[in-house]
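Presented below is the structure to which this report refers.
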Amino acid sequence: MTDVEDRATAGFRSAYGQEPAGRWAAPGRANLIGEHTDYNDGFVLPFALSLRTVVAAAPQDGERWTVWSETTEAQIEFAAADVDEPGRVTGWGAYVAGVVWALREAGHAVPGARLAIATDVPLGSGLSSSAALEAAVLTALVDLGGLDLPADRQPRLAQRAENAYVGAPTGIMDQSAAIRCREGHALFLDCRTEEVEHIPFDLDAAGLAILVIDSRAPHRHADGEYASRRKSCEEAAAVLGVPALRDVAVADLDAALPKLPDDETRRRVRHVVTENQRVLDTVALLRAGRAPEIGPLLTASHASMRDDFEITVPEIDTAVEAALTAGALGARMTGGGFGGCVLALVEAASADRVAGAVADAYARHGFTEPATFTILPATGATRLD
Ligand code: GAF
């Protein structure tokens with residue numbers, strides 16, 4: 001397959017018979033640690049992938065947007081009236097229309113445009129292909145229209161597109177990662193204040209690698225489960241009399257848990273509160289140049305997602321266990337859950353061996369063979385040319 005940039009350009013030329021005015025790219029993300037903490041006003045530590053979504057675009061007259069997608073090999077068109085009525089544009093087009101809608105709602109004069117989209121971010125694998133699409137389209141439209149919307153304000157707008165237009169009640173992590181990450185760094189984000197710190201995460205220098213194991217597990221009721229976890233967290237915060245679970249510290253847990261109505265809610269709260277602390281502990285180790293020591297925190301995060309937040313599936317747990325048995329320093333599911341990918345922190349020299357051990361374990365269980373690859377922290381959304 002040709003390079004994603006070339007595919008976007010070729011798609012643009014054949015769809016519109018003209019040259020694009022420019023090309024913009026935004027990455028998928030992996031979250032090193034901090035899961036389901038973002039909508040609890042907490043802390044996350046994602047980094048961008050070198051797998052990207054590329055948008056080739058040019059302005060067109062009027063308030064009309066024409067979009068060709070490599071994934072569907074289809075072209076859609078919508079006008080301002082379609083955009084302004086959420087629900088009219090559906091499927092993958094809703095992510096594009098949602099961005100136009102959110103920009104217009106925030107008072108920006110969005111330029112009409114022709115867009116062609118190609119991507120290397122696997123869809124439905126928990127690596128946030130949706131935020132990559134939103135971020136790539138958003139940066140393209142902001143640039144084409146010369147809109148006054150600095151990068152630090154873009155994630156909230158892209159999140160609004162996803163929440164209010166697409167209808168998925170997600171937090172701010174994925175859009176922040178797609179827009180604000182820096183190459184060679186993880187993004188330490190305070191989801192309440194949106195303050196960020198770029199934490200050096202030089203895997204090569206530490207002799208380490210992050211192995212991604214795509215579980216290939218079909219998503220099982222993921223949307224409803226995500227929404228119900230979020231609701232349960234918000235209800236728990238209300239019972240505890242705090243604005244969000246971020247305001248409960250690990251030291252407060254023993255006093256807080258008995259106030260909650262049932263055991264399930266207590267487990268949900270324990271996950272979020274301890275996960276926030278694990279993010280802070282991971283950041284402290286990375287700041288101190290002690291990357292190999294974060295492994296146990298990653299593994300503890302996984303156990304918390306499996307036992308307390310209950311968002312893992314057998315394929316995912318099998319991948320984590322097999323990776324750890326084969327010598328990974330730590331391993332955890334990344335992303336919203338119910339499928340998706342596992343990250344294993346490994347000595348660089350042992351990445352192939354760990355990948356092989358996971359594939360063997362999958363074969364023993366009769367699971368679909370997993371896809372495995374290593375990744376390095378890459379850059380957030382950019383204009384290419
Ligand atoms: C999904 C959501 F989009 C994020 O906002 C975040 O909540 C994540 O699941 C879980 O940490 O990726």
Side-chain angles (χ1 to χ4, degrees), residues 26-49 51 94-95 98 121-135 154-181 186-192 194 212 214-215 217 219-234 237 244-246 268 271-279 282 297-298 301-302 304-306 308-313 316 332-343:
R29 64 96 190 94
N31 187 21
L32 187 57
I33 195 162
E35 226 63 81
H36 288 261
T37 44
D38 59 354
Y39 56 78
N40 288 299
D41 276 4
F43 306 106
V44 293
L45 192 61
F47 58 95
L49 304 179
L51 301 168
Y95 293 92
V121 185
L123 307 180
S125 289
L127 298 177
S128 209
S129 56
S130 50
L133 174 55
E134 291 156 359
Q154 291 178 13
R156 205 45 96 187
L157 196 132
Q159 183 202 14
R160 182 142 175 75
E162 181 141 354
N163 291 170
Y165 199 93
V166 177
T170 52
I172 189 80
M173 171 170 73
D174 299 346
Q175 292 79 10
S176 300
I179 292 166
R180 303 182 75 183
C181 277
L187 183 81
F188 175 36
L189 171 68
D190 179 332
C191 299
R192 172 170 281 165
E194 287 186 63
V212 178
D214 183 343
S215 72
H219 277 245
R220 299 172 179 117
H221 313 298
D223 293 352
E225 295 287 355
Y226 186 97
S228 84
R229 295 302 184 285
R230 182 168 185 161
K231 185 161 173 276
S232 162
C233 289
E234 286 166 357
L245 291 183
R246 175 323 184 6
R268 303 292 188 252
H271 166 72
V272 173
V273 171
T274 58
E275 184 78 348
N276 272 325
Q277 187 59 47
R278 283 186 287 271
V279 176
T282 302
L297 291 164
L298 306 185
S301 167
H302 186 78
S304 180
M305 290 191 286
R306 182 191 61 213
D308 279 352
F309 221 59
E310 297 176 287
I311 53 173
T312 70
V313 294
I316 289 278
R332 63 182 291 278
M333 182 183 71
T334 190
F338 305 99
C341 289
V342 163
L343 303 183

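All ligand and atom numbering here is 1-based and tracks the order in the structure.
Annotation for ligand 1: atoms under 4.0 Å from non-hydrogen atoms of Thr170 are 2 (C), 3 (F), 5 (O). Those atoms of ligand 1 that come under 4.0 Å of a heavy atom in Arg29, given as number and element, are 12 (O). Atoms of ligand 1 lying under 4.0 Å from any heavy atom of Gly171, numbered from 1 in the order shown and given with element: 5 (O). The distance from ligand 1 to the heavy atoms of Tyr226 drops below 4.0 Å at these ligand atoms: 1 (C), 2 (C), 4 (C), 5 (O), 6 (C), 7 (O), 9 (O). Heavy-atom contacts of Met173 reach the following atoms of ligand 1: 6 (C), 8 (C), 11 (O) (cutoff under 4.0 Å).
Ligand 1 does not have Met305 within reach: every non-hydrogen atom of the residue lies 4.0 Å or more from it.
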Test side chain to side chain donor-acceptor pair (under 3.5 Å) applied to Gln159 and Thr170, step by step: CA-CA 7 Å; Gln159 183 202 14; Thr170 52; 5.4 Å; no
_Working note: Arg278 + Thr274, criterion side chain to side chain donor-acceptor pair (under 3.5 Å); need CA distance, chi angles, decisive distance, verdict._
CA-CA 6 Å; Arg278 283 186 287 271; Thr274 58; 3.1 Å; yes
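Residue Asp174 holds the heavy atom nearest to atom 3 (F) of ligand 1 of all those in Ile33, Asn31, Asp174, Val44.
Remark: minimum distance from atom 6 (C) of ligand 1 to any protein heavy atom is reached at Asp38 OD2, 3.3 Å. Scanning the protein for heavy atoms near atom 9 (O) of ligand 1, the closest one is Gly336 CA, 3.2 Å.
Put simply, the side chain of His302 reaches to within 4.5 Å of the side chain of Ile316, judged on heavy atoms. Counting heavy atoms from C-beta on, the side chains of Ser130 and Asp174 never come closer than 4.5 Å. Side-chain contact between Cys233 and Phe309: present, with at least one pair of heavy atoms (C-beta onward) separated by less than 4.5 Å.
Not one N or O on the side chain of Ser232 forms a donor-acceptor pair closer than 3.5 Å with the backbone of Ser228.
Once rounded to the nearest 0.5 Å, the distance linking CD1 of Ile311 with NE2 of His36 reads 3.5 Å.
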